[in-house]
Undergrad: 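The structure under discussion is supplied below as structure tokens; questions concerning it will follow.
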Protein chains: 2
Amino acid sequence: MRRPTLEAVAARAGVSRATVSRVVNGAANVKPHLRTAVMRAVEELGYIPNSAARSLVTRRTDSIALVVSEPPSRVFSDDPFFSAVIRAVSQELEAADRQVILMLASSAAGHARVERYVAGGHVDGVILLSMHGAEPLPASLSRSRVPMVSHGRPVASLPVPYCDCDNRGGARAAVEHLISRGRRRIATISGPPDMTAAQDRLGGYREVMAAAGRRPIVATGDFTRESGATAMRRLLADEPEIDAVFAASDLMAVGALGTLRAAGRRVPDDVAVAGFDDIALAGFSEPPLTTVRQPVTEVAACIVRTLLSTDPPSAPVILPTELIVREST
Amino acid sequence: MRRPTLEAVAARAGVSRATVSRVVNGAANVKPHLRTAVMRAVEELGYIPNSAARSLVTRRTDSIALVVSEPPSRVFSDDPFFSAVIRAVSQELEAADRQVILMLASSAAGHARVERYVAGGHVDGVILLSMHGAEPLPASLSRSRVPMVSHGRPVASLPVPYCDCDNRGGARAAVEHLISRGRRRIATISGPPDMTAAQDRLGGYREVMAAAGRRPIVATGDFTRESGATAMRRLLADEPEIDAVFAASDLMAVGALGTLRAAGRRVPDDVAVAGFDDIALAGFSEPPLTTVRQPVTEVAACIVRTLLSTDPPSAPVILPTELIVREST
DNA sequence: CTGAAAGCGCTTACAG
DNA sequence: CTGAAAGCGCTTACAG
């Protein structure tokens, strides 16, 4: 006893398969009484179209792959930023009646899996998230000619359309804010050097520091809390005089707060701390964190719009960030 | 310029489509020289089978849905238990050459989405994770006759095959351990009453307490850290004399540790605390947590094996847990 | 507005 | 071992 087919519905409703197909797909031009008959037959048989058959002829799957270049441990239980982005993208895609297929690909095997899946025609488009410098995916996927949009600026050599927030401008605003608070020795904890978000935030920091005639003080992390704690320890050891830190992610900023507390430095009295992202934790940390808010929902909407648009790939869209001042600065 | 088809490969290799199909699918009986010719043509054209066409005839998709009945915020950035389970299941499935489609469904809309997706024939099977009592999914999905296995015992009324760990036995071991340490007033912080894992752990607690002639003291949480902190506050207010707590999840146990610290109760001197799950955090908490280890990988393997087996649905499999004693008891 | 027919790209008995 | 042919369940020009 197999699932009913279009054929069965047509027989029961006393019409052709074409008519059933039109009704099921909501075509306008079907006489009301036939439409009613078809809909009743669909209901009675519990008919649901076979998606493989439909995809075969329409060449669409109504599915979009969201490919995250990070290991599961990082995506699932570390940075709430991923949670926020994945949720926002999913909601936009669901609103457009597309199924999102979440694929994590942080290893060569993962990349191969994604490549096979996409090349096999399983999805109509790909969203790239958290790409690192040496990412092989854009090149290998472009061979499948599937539409692709990157969440965040890809490295220069890859001609992938993208939406991003103004990482450089956001960093600038945070550092200028620290300067305006009268801070003299402002360090930064930067993100992974192979990610453009980290590069741009570091660029914004350097720009403001240079314009103000200050010496840049840089420690490198990888966006995680632990790396922020470690970088802060290094800064304290190397540059005990610092009175402010701009961390390129809230998670790193929170790690830095822990280190400062353990070292007996008061925040913001001794050292001011600013982060980036505005994750929920930023509002609850001790003290609450001054940070740069990313427009997560807007970027997601932009990406989905770009991906689903039939127009030729548009120019990159850079959305503004917003400085949120709390008690840590 | 479309993707090359089987037809194109056949033409280039000078053989029939049937032969190409056999080579591509690894059938044994093809003469070596033909096989070589086909493989070269495949290589030259960059041929990859169209999965919709293949699914249409084979009635297989080689994809499995992993349906988690929780909101994104909980799955992505709260409980590392989900991370562990999702990772373990994915690895088992990938080893079996199946693609896993992660679907979160915590709302009516989410349930409808999953139902449509499964009924549309997108997947060959469904794994149910973190089901709550009133879960509509098993009933609605069973209409599609797709194989289904539950991670964890479903509520009694649902005849879904499942694999689980010995929640009751694990809880018993933890509580007996607390008794053997000489604790007199042992409370429990239980999980959501509509989840069988919570019910079984609570059952194990009650069983041991009854056998020992002790009065059960129960506060209810929902497996999250905050709920553990809150429940612990309630326990301290209602039963200030307690000298031990068995929390039904590590996350709740860690929340309880925070509350105890804030209340000035020493762990384990004043109050012993045991958890359940053995997440990584349990080893790092202050103090490190005595807990019940779940065989996450083994349960995942069991589920995948059950789902992919062609045998009639087997009897439930219950895997043993292990008590890990650390400094909190 | 409706239906007969072709065709999407595969796999798989069946015959040889 | 190999190929010709049927068929999976849909959609979509095309004709009327």
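Naming convention: chains lettered A, B, ... in sequence-line order (proteins, then strands); numbering from 1 in each chain.
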Undergrad: May I ask you to verify if any side-chain N or O of B/Ser21 is less than 4.0 angstrom from the OP1 or OP2 atom of C/dC10?
TA: no

Undergrad: For A/Arg12, which residues count as a salt bridge (charged side-chain N to carboxylate O under 4.0 Å, His left out) partner, sequence neighbours excluded?
TA: A/Glu44

Undergrad: So, using side chain to side chain donor-acceptor pair (under 3.5 Å) as the criterion, who are the partners of A/Glu298 when residues are at least two apart?
TA: none

Undergrad: Would you be so kind as to tabulate the donor-acceptor pairs closer than 3.5 Å made by side chains of residues 115-130 of chain A, with sequence neighbours excluded?
TA:
from: A/His122; atom 1: ND1; to: A/Tyr117; atom 2: O; distance (Å): 3.1
from: A/His122; atom 1: NE2; to: B/Ser51; atom 2: OG; distance (Å): 3.4
from: A/Asp124; atom 1: OD1; to: A/Thr61; atom 2: N; distance (Å): 2.8
from: A/Asp124; atom 1: OD1; to: A/Thr61; atom 2: OG1; distance (Å): 2.9
from: A/Asp124; atom 1: OD2; to: A/Thr61; atom 2: N; distance (Å): 3.1
from: A/Asp124; atom 1: OD2; to: A/Asp62; atom 2: N; distance (Å): 2.7
from: A/Ser130; atom 1: OG; to: A/Glu70; atom 2: OE2; distance (Å): 2.7

Undergrad: Tell me every residue that passes disulfide (SG to SG under 2.5 Å) with A/Cys165, counting only those two or more places apart in sequence or in another chain.
TA: none

Undergrad: Rounded to the nearest Å, what distance is computed from the CG atom of residue A/Leu56 to the P atom of nucleotide D/dT12?
TA: 12 Å

Undergrad: To the nearest 0.5 angstrom, please state how far the CG atom of B/Leu34 sits from the OG1 atom of B/Thr19.
TA: 6.5 Å

Undergrad: Got a sec, which residues hit side chain to side chain donor-acceptor pair (under 3.5 Å) with B/Arg17, two or more places apart in sequence or on another chain?
TA: none

Undergrad: Show me, range against range, the stems involving DNA chain D, built from at least 3 consecutive Watson-Crick or G-U pairs below 3.5 Å.
TA: C:1-3 with D:14-16, C:5-12 with D:5-12, C:14-16 with D:1-3

Undergrad: On a plain distance test, is the side chain of B/Arg22 in donor-acceptor contact with the base of D/dG3 below 3.5 Å?
TA: yes

Undergrad: Tell me the interatomic distance from A/Arg59, atom CZ, to D/dG9, atom P, rounded to whole angstroms.
TA: 20 Å

Undergrad: Within residues 6-19 of chain A, find the residues that approach DNA chain C with a heavy atom at under 4.0 Å, and present them sorted by residue number.
TA: A/Val15, A/Ser16, A/Arg17, A/Ala18, A/Thr19

Undergrad: In whole Å, I'd like the distance from the CZ atom of A/Arg54 to the C1' atom of D/dT12.
TA: 13 Å

Undergrad: Looking at residues at least two apart in the chain, or sitting in another chain, which of them share a salt bridge (charged side-chain N to carboxylate O under 4.0 Å, His left out) with A/Arg113?
TA: B/Glu94

Undergrad: With A/Ser90, which residues qualify under side chain to side chain donor-acceptor pair (under 3.5 Å), at least two apart?
TA: none

Undergrad: Taking B/Asp164 for the side chain and B/Arg153 for the main chain, is one N or O donor matched with an acceptor at less than 3.5 Å?
TA: yes

Undergrad: Which residues in residues 29-53 of chain A have at least one heavy atom lying under 4.0 Å from any atom of DNA chain D?
TA: A/Tyr47, A/Pro49, A/Asn50, A/Ala53

Undergrad: Mind checking what makes side chain to side chain donor-acceptor pair (under 3.5 Å) contact with A/Asn50, not counting sequence neighbours?
TA: none

Undergrad: Roughly, in whole Å, what's the span from CZ in A/Arg60 to P in D/dT11?
TA: 10 Å

Undergrad: Scan residues 18-35 of chain A for pairs that pass salt bridge (charged side-chain N to carboxylate O under 4.0 Å, His left out), counting only residues two or more places apart or in two chains.
TA: none

